[in-house]
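Step one of this worksheet: look at the structure below.
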Amino acid sequence: MADSTFALLSLILIFPLSLLLFLFLIVCPRPVKIPIKNRHVFITGGSSGIGLALARHAASEGARVSILARGLDKLEEARESIRLSTGIEVTVFSADVRDFGAVKKAVEEAGEIDVLVCNQGVFVPGELETQEMEEVKFMIDVNLVGTFHLIKAALPGMKNRKDREPASIAIMSSQAGQVMYDAVTYNHSSVAGPVGIYGYTAYSASKFGLRGMAEALQQEVIAENIHVSLIFPPDTETPGLVEENKRKPQLTSIIAASSGAMKADEVAKKALNGIKSGSFMVPCNFEGFLLSLATAGLSPQRSYLMAFVEVIAAGILRIAALCFQWNWYGSIEKWHAQKR
C-alpha cells in the first residue's frame, strides 16, 4: 500500500516538474530588464490620463521624457504639472498621429528614443449599422494606423541608438470593459478587447489589430535588442467617461457593466513596471491577468513560470470564457425579446 502511494505521489510530482523543465528550456525570448534612468522615454497621449501619469513616473525615475498629443495648451499644462510634481522638465510635441509627416518630424526633433510608449487611443461607442463610417475610420486611423506611424518613424533611430542597452516599444491595447476617450488629446483612458463586446465593433477591430502587430513586430526587432510590450489597462478614471456614457448603447452597458475603475496613476505604475521587465503582455489588475492567461495563444512569454500557469490554466479558462459567452448571448436574446 505504501509503495503504491509513493509511486502515485511520484507520478503526480514528475509531470509538473518535467513540464517546468521543458518550459524553462524552450520559453523565449529570454527574460530581460529595460533600464529607464537616463534614457529617453517618448509617450503619446501624454497630456492627461494614463499618459500623463506614465510621464510623471518615468521622469521621477530619472528618464528624459517627451510627450506628444494634439492640443498644445493641454501639453503645456501637462509639462507644468510634471515640473511641479517632480522638478523635471519634459519636452512636448504637438502632432496628430494620423499624419505620418507630422509624427516623423516630431520624432526626429525629439532625438533617439529608447522607450516608445504608443498610448494614444479613441473610442466612439455604437452598433456598426448605425455608426458613421467617419467614426469607424477615425478609431482605426488613431488607434491602429497612428501606432504604425509612430513605430515606423521611431524604429530607425531605435535600431541605431548609441547605447546598446535593451530598448522597448510599448503599445496600449485594451482589457474587456468600457472605454472612454479625450477627442482633443487622443488620450487613452480605459479600454475594451482582446474581447469583442456589443457596441465595440470598430474599436475592437483596431485593438485586435494591435495584438497582431505586436506579435509580428517582436520577431522583427528582437535581433536589435528591442522588446515589445502590449499593455491592457482596465476601466480608468480619466476624462471622457460622461460623454461616452451618453452615446453608449444600452445593451453595451448591460453586457460590459463596470465593476469599478482604477486610478490612472495605478495603471501607469503597473504599465511602467511591465515595460521595465520586458513583459510582452502587461495586465494591470487581476481581471486583466486572467484575460492575459485566457488569450495567451501564440504570444511570446519570457517567464517559464508564467508559461506553466498558462498551460495549466488554459482548459479551465476556456470553460470560463464559454460561460461568459453564454451569459452575454443570453443578455442579448433577452434584450431583443423585451424590445419586441
Side-chain angles (χ1 to χ4, degrees), residues 29-69 75 78-79 81-93 106-107 109-120 147 150-151 153-173 187-188 214 217-218 221-222 224-233 236 262-284 288 300 302-303:
R30 306 309 291 180
V32 69
K33 295 295 181 184
I34 312 291
I36 294 293
K37 189 174 182 180
N38 298 323
R39 307 193 80 202
H40 185 197
V41 178
F42 189 100
I43 303 168
T44 65
S47 61
S48 63
I50 296 171
L52 176 57
L54 269 169
R56 189 179 294 115
H57 282 290
S60 67
E61 292 192 21
R64 178 168 67 90
V65 177
S66 298
I67 57 176
L68 179 146
L75 281 166
R79 172 157 56 186
S81 169
I82 295 168
R83 188 187 67 79
L84 290 173
S85 61
T86 67
I88 306 294
E89 289 285 348
V90 301
T91 308
V92 301
F93 296 93
V107 167
E109 288 180 9
E112 192 176 284
I113 295 169
D114 300 298
V115 177
L116 173 66
V117 184
C118 303
N119 174 68
Q120 83 287 345
T147 303
L150 288 158
I151 295 171
L155 263 181
M158 295 185 77
K159 286 187 172 184
N160 296 318
R161 63 192 184 282
K162 295 181 182 66
D163 87 60
R164 298 310 296 172
E165 290 190 276
S168 173
I169 296 173
I171 300 169
M172 282 288 176
S173 183
N187 172 54
H188 228 302
L217 180 66
Q218 180 60 94
V221 300
I222 190 66
E224 302 291 341
N225 205 12
I226 299 173
H227 306 275
V228 178
S229 290
L230 195 61
I231 302 165
F232 297 94
T236 307
M262 289 181 70
K263 301 284 188 184
D265 194 66
E266 295 173 318
V267 174
K269 285 179 185 176
K270 295 280 188 181
L272 192 58
N273 287 337
I275 292 168
K276 291 191 293 184
S277 69
S279 301
F280 180 79
M281 297 178 75
V282 183
C284 297
R302 296 182 184 276
S303 166

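- In this structure, I34 and S277 have side chains that are not in contact, with every pair of non-hydrogen atoms separated by 4.5 Å or more.
- Here F42 contributes atom CZ and C118 contributes atom SG; the two are 9.0 Å apart, rounded to the nearest 0.5 Å.
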Side chain to side chain contact (heavy atoms under 4.5 Å, CB included) between I231 and C284, intermediate numbers included: CA-CA 8 Å; I231 302 165; C284 297; 4.1 Å; yes

Could you check E109 against T91 for side chain to side chain donor-acceptor pair (under 3.5 Å), going step by step and ending with a plain yes or no? CA-CA 10 Å; E109 288 180 9; T91 308; over 6 Å; no

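- Without hydrogens or angle criteria, T86 side chain to I88 main chain gives a donor-acceptor distance under 3.5 Å.
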Please walk me through it: do V117 and T44 pass side chain to side chain contact (heavy atoms under 4.5 Å, CB included)? CA-CA 6 Å; V117 184; T44 65; over 6 Å; no

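- Side-chain contact between H227 and I169: absent, with no pair of heavy atoms (C-beta onward) separated by less than 4.5 Å.
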With salt bridge (Lys or Arg N to Asp or Glu O under 4.0 Å) as the test, would you mind laying out the steps for E224 and R164 before giving the verdict? CA-CA 9 Å; E224 302 291 341; R164 298 310 296 172; 3.5 Å; yes

Tell me, with the steps shown, if L52 and I82 meet side chain to side chain contact (heavy atoms under 4.5 Å, CB included). CA-CA 8 Å; L52 176 57; I82 295 168; 3.7 Å; yes

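- Interatomic distance, CZ of F93 versus CD1 of I67, reported as 10.0 Å (0.5 Å rounding).
- How far CZ of R30 is from CZ of R302: 10.5 Å, rounded to the nearest 0.5 Å.
- More than 12 non-hydrogen atoms from other residues, nucleotides or ligands lie less than 6.0 angstrom from NZ of K276.
- At a threshold of 4.0 Å, the pair E61-R39 does not count as salt-bridged, since none of the basic side-chain nitrogens sits closer than that to a carboxylate oxygen.
- No side-chain donor from either of H40 and N38 sits under 3.5 Å from a side-chain acceptor of the other.
- When only modelled atom types and interatomic distance are considered, R56 and S81 share a side-chain donor-acceptor pair under 3.5 Å.
- Between the CD1 atom of I36 and the CD1 atom of I275 there is a distance of 6.5 Å, given to the nearest 0.5 Å.
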Test side chain to side chain contact (heavy atoms under 4.5 Å, CB included) on V282 and F232; report intermediate values, then the result. CA-CA 6 Å; V282 183; F232 297 94; 5.7 Å; no

